[in-house]
Amino acid sequence: MKTTPFNDKHIAAGAKMVEFAGFSMPIQYQGIIAEHKRVRSTVGVFDVTHMGEFEVRGKDAFAFVQRMTTNDVTKLEAGKIQYSSMLYDDGGVVDDLLVYHCGDYVQLVVNASNMAKDFAWLKDHLSGDVQLIDKSDETALLAVQGPKSLDTMLKLTDLDLSSLPYYHFLRGKVAGIDCLISRTGYTGELGFEVYFQSDPALGSKMWDAIFEAGKEFDIAPIGLGARDTLRLEVGFCLYGNDIDQTTNPLEAGLGWITKLNKGDFTGRDVLLKVKEQGLSRKLVGLTLEGKNFPRHGYDIIVDGAVAGVVTSGTVSPMLEHGIAMAYVPSALAEPGSVVHVRIRAQDVPATVTKLPFVVKQ
Amino acid sequence: MVFPEDLKYTDTHEWIKVDGASATVGITAFAAGELGDVVFVDIPEMKAVALGDNFGSIEAVKTVSDLVAPVAGTITEVNPDLEGTPEIVNTDPYGKGWMIRMTIANPADVDALMDAAQYKALIGK
């Protein structure tokens with residue numbers, strides 16, 4: 001099992017470690033609820049070194065990424081980032097990813113659990129002057145998230161982070177270490193993701209500097225458990241739960257990153273047909289009342305019959321009731337529609353709710 | 001992690017404290033740790049249960065887990081504090097976080113349960 005450069009820090013902080021995508025990762029430290037509220041109220045730090053980073057270089061690099069992803073890469077410029085997805089020929093999702101325009105090359109950031117699959121998929125489709133380089137093992141990644149993340153990071157760098165817009169990045173020194181720092185994250189909060197060379201000494205230096213800078217805000221390390229509840233409260237998809245090779249991006253609510261008019265890309269033909277025929281189901285947010293907590297895999301019931309499935313569900317730490325994302329028949333996808341979730345043989349009403357559940361400034 | 005010597009344990013991570021013909025039941029510190037933050041304990045009604053019956057469920061943020069009767073008997077009391085403060089399962093699993101009191105129908109059920117050393121071996125502690 002792989003470890004990240006922050007392994008000793010996790011253990012010293014009392015983390016409960018679990019195996020995730022071949023890495024030993026912290027699932028929680030103090031507890032999911034406390035960690036979740038820390039990120040919503042001040043600032044927390046996630047080790048997400050397990051994420052995959054690929055570089056795409058060469059004269060045809062941008063054309064290659066344009067063909068392999070659903071969003072429109074020609075709309076990017078140096079220093080900008082795009083949320084996108086990669087599709088199979090049948091329109092199923094290979095992965096969702098971030099595309100960084102790095103001037104003369106592209107950086108792709110992919111899910112840890114899909115890293116090997118994604119690399120092989122891209123490699124199989126190489127054409128023209130394109131070099132695909134896996135930088136995952138050399139790259140450490142910390143996400144600093146929460147309303148006090150900017151105040152924390154400003155203490156560590158001369159970079160103008162205050163005016164860095166959402167989904168943009170800069171390069172420079174943070175805590176004296178060469179970094180790529182982007183205004184991105186998976187929490188819905190103000191936040192930054194800091195990429196730098198994966199090295200235990202550099203990792204230790206960066207970790208200590210961030211925690212020292214955030215001390216006045218009660219900065220805390222945050223595990224994968226709270227990462228999941230935070231993203232679910234703001235309605236972000238998780239690959240393997242809400243999207244996978246059996247779902248297409250249109251029914252998953254990812255039409256906004258699927259530019260059918262940009263020209264050809266893998267999966268486009270099928271999506272055009274899907275769009276013409278109309279969607280049979282849609283991924284929606286669900287709200288449940290009382291002590292009814294939906295979970296991944298629970299059935300959606302309409303008129304007594306199974307009509308869909310919960311793809312992610314939990315109790316919302318901020319709202320203190322059950323929330324879920326689920327595929328429901330398109331006719332019931334409008335906010336306010338009521339379906340039922342089968343929770344241990346009981347059919348409990350759930351109201352379709354506009355995402356995000358928790359609205360941030 | 002603590003596993004009191006005066007309790008008996010199940011392989012589904014309940015503990016039982018026997019007091020004559022009745023007993024108190026809860027979940028172990030290990031189980032509470034694995035579940036994480038407990039947000040709701042659902043024990044529907046006080047009733048007779050057979051050995052191994054599900055008698056309720058524990059909802060944590062991350063997951064839900066069944067509660068399994070360690071012995072046959074009748075549930076006589078459900079911890080009323082679980083409703084307002086379910087986190088006592090995490091903070092005091094052998095004390096304030098107890099789940100039920102029950103009668104013991106068949107004393108031999110108790111003899112079949114694990115002692116602290118056997119339970120620690122089971123979970124690798």
Side-chain angles (χ1 to χ4, degrees), chain A residues 14-20 25-40 222-233 238 241 288-298 310 312-324 341-346 348 357, chain B residues 1-3 12-13 27-47 49 52-69 75 78-93 96-97 99-100 120 123-125:
Chain A
K16 187 170 145 197
M17 304 298 287
V18 296
E19 194 266 332
F20 182 80
M25 298 299 290
I27 183 101
Q28 68 168 54
Y29 304 81
Q30 299 313 113
I32 292 177
I33 294 174
E35 292 166 36
H36 183 113
K37 290 181 173 171
R38 173 58 50 213
V39 174
R40 291 267 183 259
I222 314 296
L224 295 180
R227 182 169 159 83
D228 190 46
T229 53
L230 285 158
R231 70 91 195 168
L232 184 46
E233 275 189 345
L238 172 63
N241 279 34
L288 289 80
E289 289 180 4
K291 302 287 187 186
N292 298 297
F293 305 132
R295 307 285 181 186
H296 172 74
Y298 284 7
V310 172
S312 294
T314 189
V315 50
S316 159
M318 303 309 290
L319 305 172
E320 298 183 340
H321 60 66
I323 57 171
V341 180
R342 185 159 290 168
I343 301 179
R344 290 185 303 284
Q346 263 200 315
V348 178
F357 296 105
Chain B
M1 210 174 278
V2 177
F3 302 97
T12 47
H13 311 290
I27 66 165
T28 68
F30 174 75
E34 289 295 302
L35 283 169
D37 292 338
V38 172
V39 291
F40 180 48
V41 180
D42 183 19
I43 302 173
E45 54 183 315
M46 288 178 230
K47 57 172 185 183
V49 290
D53 271 1
N54 288 347
F55 67 85
S57 61
I58 306 180
E59 296 273 4
V61 177
K62 198 160 47 114
T63 189
V64 59
S65 180
D66 287 329
L67 289 164
V68 179
I75 298 173
V78 176
N79 183 351
D81 295 334
L82 293 174
E83 187 165 344
T85 54
E87 62 272 16
I88 54 180
V89 177
N90 296 108
T91 55
D92 192 8
K96 291 192 184 98
M99 305 267 157
I100 56 168
K120 278 194 266 190
I123 59 171
K125 295 285 167 185

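Since the structure is predicted, the reported quantities are computational estimates derived from the model, not experimental observations.
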A:G313 and A:V310 have their tightest heavy-atom pair at N-CG1, 4.2 Å
Rounded to the nearest 0.5 Å, what's the gap from CD on B:E87 to CG on B:L82? Could you check? 10.0 Å
Could you tell me which non-hydrogen atom of B:D42 sits nearest to which non-hydrogen atom of B:P44, and how far apart they are? O-CD, 3.7 Å
CD/B:E83 to OG1/B:T85 distance, rounded to the nearest 0.5 angstrom? 10.0 Å
Could you look at B:N90 and say if it's the side chain, the backbone, both or neither that has a heavy atom under 4.5 Å from chain A? neither
Within this structure, what is the CG-NE2 distance for the pair A:L230 and A:H36, rounded to the nearest 0.5 Å? 4.5 Å
Residues passing the side chain to side chain contact (heavy atoms under 4.5 Å, CB included) test with B:E34, sequence neighbours excluded, are A:K16, B:F30
Report the distance from atom CD1 of B:I88 to atom CG of B:D81, rounding to the nearest 0.5 Å. 5.0 Å
Return the NZ to OG1 distance between B:K120 and B:T28, rounded to the nearest 0.5 Å. 12.0 Å
Can you tell me how far CZ of A:F293 sits from CD1 of A:I343, rounded to the nearest 0.5 angstrom? 9.0 Å
Heavy-atom contacts under 4.5 Å, residues 314-323 of chain A to chain B: A:T314, A:V315
Counting heavy-atom pairs under 4.5 Å with chain B, the top scorer among A:K291, A:H296, A:R295 is A:R295
Tightest non-hydrogen contact, residues A:V341 and A:P294, listed as CG1-CB, 4.5 Å
Hey, which residues of residues 54-62 of chain B are touching chain A, say heavy atoms under 4.5 Å apart? B:S57, B:E59, B:A60, B:V61, B:K62
Which atoms of A:A226 come close to chain B, meaning under 4.5 Å heavy atom to heavy atom: side chain ones, backbone ones, both, or neither? neither
By side-chain hydrogen bond (donor to acceptor under 3.5 Å, both in side chains), which residues pair with A:N241, not counting sequence neighbours? A:S312
